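Along the sequence shown, residues carry numbers from 1. From a predicted model like this one, the values you see are computed outputs, not experimental measurements.
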Amino acid sequence: VLMRVDFNVPQDKKTGEITNTQRIVGAMPTINLVLEKGAKSVVLMSHLGRPNGNKNDKFTLKPVADKLGELMNKPVTFLSDCVGEEVETACADPETG
């Protein structure tokens, strides 16, 4: 399942720590539902900030992926891009869950 989520969460400007998990927690029931209904995996799409089309590590979703895994008590694979060989390989035969 490919799912668009709103993970544009507020973060501490100095540490990058997520200061409010409401948007992550809000998506969890839907993510869990598709897994419970038999989806092998869920590929989540989101954005963080407004990088103007340029890659900027300040806007990485890695902390969000880590927090989602922590909150769901499941492994979450983070891919650093949305296109390319790494993404195609990961999405072609994802691990269950």
Would you confirm whether Lys62, through its side chain, and Phe78, through its main-chain N or O, come within 3.5 Å as a donor-acceptor pair?
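No; zero donor-acceptor contacts below 3.5 Å.
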Thr19 side chain to Asp12 backbone, donor-acceptor under 3.5 Å:
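Here the side-chain-to-backbone pair does not exist.
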Looking only at non-hydrogen atoms, find the nearest pair between [X] and [Y] and report the distance.
X	Y	answer
Val87	Asp81	CG2-O, 3.3 Å
Val43	Cys91	CG2-SG, 4.1 Å
Ser80	Glu86	OG-OE1, 4.0 Å

If hydrophobic clusters are built from ILVMFWY residues whose side chains come within less than 4.5 Å, do [X] and [Y] share one?
X	Y	result
Leu79	Leu61	no
Val34	Leu68	yes
Met72	Val5	yes
Leu33	Met3	no
Ile18	Phe7	yes

Sort out for me which residue in Val1, Leu35, Asp93 forms a side chain to side chain contact (heavy atoms under 4.5 Å, CB included) with Lys40.
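The residue from Val1, Leu35, Asp93 that satisfies side chain to side chain contact (heavy atoms under 4.5 Å, CB included) with Lys40 turns out to be Asp93.
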Nearest 0.5 Å, please: how far is [atom2] in [Y] from [atom1] in [X]?
X	Y	atom1	atom2	value
Leu44	Thr77	CG	OG1	10.5 Å
Gln22	Asp6	CD	CG	10.5 Å
Lys74	Glu95	NZ	CD	12.5 Å
Leu2	Met45	CG	CE	4.5 Å

State, with a plain yes or no, whether a side-chain heavy atom of Val64 is found less than 4.5 Å away from one of Ser46.
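No. Closest side-chain heavy atoms not under 4.5 Å.
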